[in-house]
Asker: 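Following this message is one structure expressed as structure tokens.
Naming convention: chains lettered A, B, ... in sequence-line order (proteins, then strands); numbering from 1 in each chain.
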Number of protein chains: 2
Amino acid sequence: MSDSLPILPEPQWRAGEHQLLELGTGPGVATGAGADEPCLRADAARNRARLLEAAARLVEQFGAAGVTMEAVAAAAQVGKGTVFRRFGDRTGLLMALLDHSERKLQAAFLTGPPPLGPGAPPVERLRAFGVAVLRRAVDELELQLAAEGEPDRRFASAPRMVLSAHVGMLLRQAIPGADCELLAKTLMGYLDPALIHHLTKQCGMAPARLEAGWIDLVDRITGGAPSH
Amino acid sequence: MSDSLPILPEPQWRAGEHQLLELGTGPGVATGAGADEPCLRADAARNRARLLEAAARLVEQFGAAGVTMEAVAAAAQVGKGTVFRRFGDRTGLLMALLDHSERKLQAAFLTGPPPLGPGAPPVERLRAFGVAVLRRAVDELELQLAAEGEPDRRFASAPRMVLSAHVGMLLRQAIPGADCELLAKTLMGYLDPALIHHLTKQCGMAPARLEAGWIDLVDRITGGAPSH
DNA sequence: TAAGAAAACTGGACCACGGTCCGTTTCGCT
DNA sequence: AGCGAAACGGACCGTGGTCCAGTTTTCTTA
């Protein structure tokens, strides 16, 4: 009975998608639509590119709501099944669309210049981190919102976990005695796209106030730890 | 052309649903399936009760995923359109299902005994509040998760806003100078059902640690404000 | 380098579910 | 009883997601 099922279709979407920390290869950020797909058949890679391009076109034309799996497939002249095979589900496609700026952010705080990157004291890096995420959010808000899938996958997504781990690391440096894992989740909660959307778009709060709120929050949580 | 549309279907689902603070009528908590629908036609009220009962049955039988609008309608011997007319959408139905415990919680911290209710110092009330929400979450986790609809409605839902407002009020008492609205959202983020699910079910974190984390968080944010 | 086989990919038919619409029925009031 | 408003119910639609038969690519072997 074990030979009838062909070893599971093997979810190979996720190959090359939002990987966690694989950016020790080159000096800077990937230059956009370069060669970043390691092991993908020629036609598959081609179709993947066409799908992403089509999806991006749909986004800027009709907004995130216009990114329908069938529409993307049609626009890319590809079968619907192909879209799902490549990206798993709608959420996966949207996340792939966000992947580029995601990596840019990761590179910035992992290997970039201070105060975001290494070199500055942790509390200062924390402050810069939040501001960077907030600024990035105001651009891609719609996409980021649409990319939030089921509630239980929100926190399990690779990009979110990278950010959370980074915050946790900085917190451990700033306040070694605390439960930094939990505090990191709290800080990340402040940067939830849905919250940002709610506060800026529905409550009409100015982004500057959000940034100030982040600074204040970091200071409170780190309890006036030495910032330099 | 203006007489053809009957003045808008008038979204009267929400009548009697998760209202904000209407609980000054009785001494204690509503006794379950009592008379809490003010203005609803007889057949409508009857069907509403049948629908809720059917939905609850489905939840305990197949879990929240089993609460399909068609299944609920069928189980209640009612047309599908009726379900939508009454509850607006799936989210509305799930929220109605949670309404009861929601009101119990609200009553507890609004008019109940200290330390949750009025009478205790604000910081202490904050601590008790978080613990209460965390404890409630471990029961209804699945339902609460399922009831989270679109990301942009998460923060706009009436129950969530009530809790947030309450936390904000306590914070204003504890730390008058701060941006308490923002800090309240942060604290509420810690109590996000999706986060609780992630930490307890996916990361295997013990609820006790979450509760301790809440206490710590409150203390950090209120900056050692007098707790008595 | 050519041929053959296995693995991987493709694409569209198919399904389930959320949500809408509108003709029909029931209720509550006078 | 009669009337208008409200509620009912199920046909209908769009979309996310699955499945599998057929095709293409790549690997192996000669």
Asker: Does a side-chain N or O of A:T68 approach OP1 or OP2 of D:dG16 to a distance below 4.0 Å, or not?
Answerer: yes
Asker: Could you tell me the separation between the CG atom of B:L40 and the P atom of D:dA5, rounded to a whole number of Å?
Answerer: 18 Å
Asker: Is A:Q202 atom CD crowded by more than 12 heavy atoms from other residues, nucleotides or ligands, each under 6.0 Å away?
Answerer: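 Buried by this count: over 12 neighbours within 6.0 Å.
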Asker: Tell me, with the steps shown, if B:R90 and B:L94 meet side chain to side chain contact (heavy atoms under 4.5 Å, CB included).
Answerer: CA-CA 6 Å; B:R90 202 181 108 102; B:L94 270 343; 3.9 Å; yes
Asker: Are B:V83 and B:N47 close enough that some pair of their side-chain heavy atoms sits under 4.5 Å apart?
Answerer: no
Asker: Side-chain N or O of A:T82 less than 4.0 angstrom from OP1 or OP2 on C:dC9?
Answerer: no
Asker: Please state whether the phosphate of D:dA7, meaning OP1 or OP2, lies under 4.0 angstrom from any side-chain nitrogen or oxygen of B:N47.
Answerer: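 So the side-chain polar atoms of B:N47 never come under 4.0 Å of the phosphate oxygens OP1 or OP2 of D:dA7.
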Asker: Ring-plane angle category for B:F129 and B:W214, please: parallel below 30°, perpendicular beyond 60°, tilted otherwise.
Answerer: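 If you compare the ring of B:F129 with that of B:W214, the planes turn out tilted.
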Asker: B:L187 and B:I221: side chain to side chain contact (heavy atoms under 4.5 Å, CB included), yes or no, with the steps?
Answerer: CA-CA 9 Å; B:L187 283 179; B:I221 281 188; 3.9 Å; yes
Asker: What I want to check is whether an N or O donor and acceptor connect the side chain of A:R41 with the base of D:dT24 at under 3.5 Å.
Answerer: yes
Asker: Taking atom P of C:dA7 as reference, at what distance in whole Å does atom CG of A:D43 sit?
Answerer: 17 Å
Asker: Distance check needed: C:dT20 C1' versus B:F87 CZ, whole Å only.
Answerer: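 Rounded to whole Å, this separation is 18 Å.
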Asker: Indicate yes or no: does A:K201 engage A:E142 in a salt bridge with an N to O separation below 4.0 Å.
Answerer: no
Asker: How would you label the contact of A:A42 with the nucleic acid (heavy atoms, under 4.0 Å): base, sugar-phosphate, or nothing?
Answerer: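 If one applies the 4.0 Å heavy-atom cut-off, A:A42 turns out to touch the sugar-phosphate alone, with no base involved.
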Asker: Would A:E53 and A:R57 pass as an ion pair if we require N to O under 4.0 Å?
Answerer: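 Judged by the 4.0 Å cut-off on N to carboxylate O distance, A:E53 and A:R57 do form a salt bridge.
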Asker: Between B:R46 and C:dC27, is there a contact of a side-chain N or O with OP1 or OP2 at under 4.0 Å?
Answerer: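 No, because none of the side-chain N or O atoms of B:R46 sits under 4.0 Å from OP1 or OP2 of C:dC27.
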Asker: Kindly point out which of D:dA7, D:dT26, D:dT15 is positioned nearest to the side chain of B:R85?
Answerer: D:dA7
Asker: In this structure, how many angstroms lie between the C1' atom of C:dT10 and the CG atom of A:L51, rounded?
Answerer: 11 Å
Asker: Using a cut-off of under 3.5 Å, enumerate the N/O to N/O pairs linking the protein to nucleotides 17-19 of chain D.
Answerer:
| from | atom 1 | to | atom 2 | distance (Å) |
| --- | --- | --- | --- | --- |
| D:dG17 | OP2 | A:R90 | N | 3.0 |
| D:dG17 | N7 | A:K80 | NZ | 3.3 |
| D:dG17 | O6 | A:K80 | NZ | 2.3 |

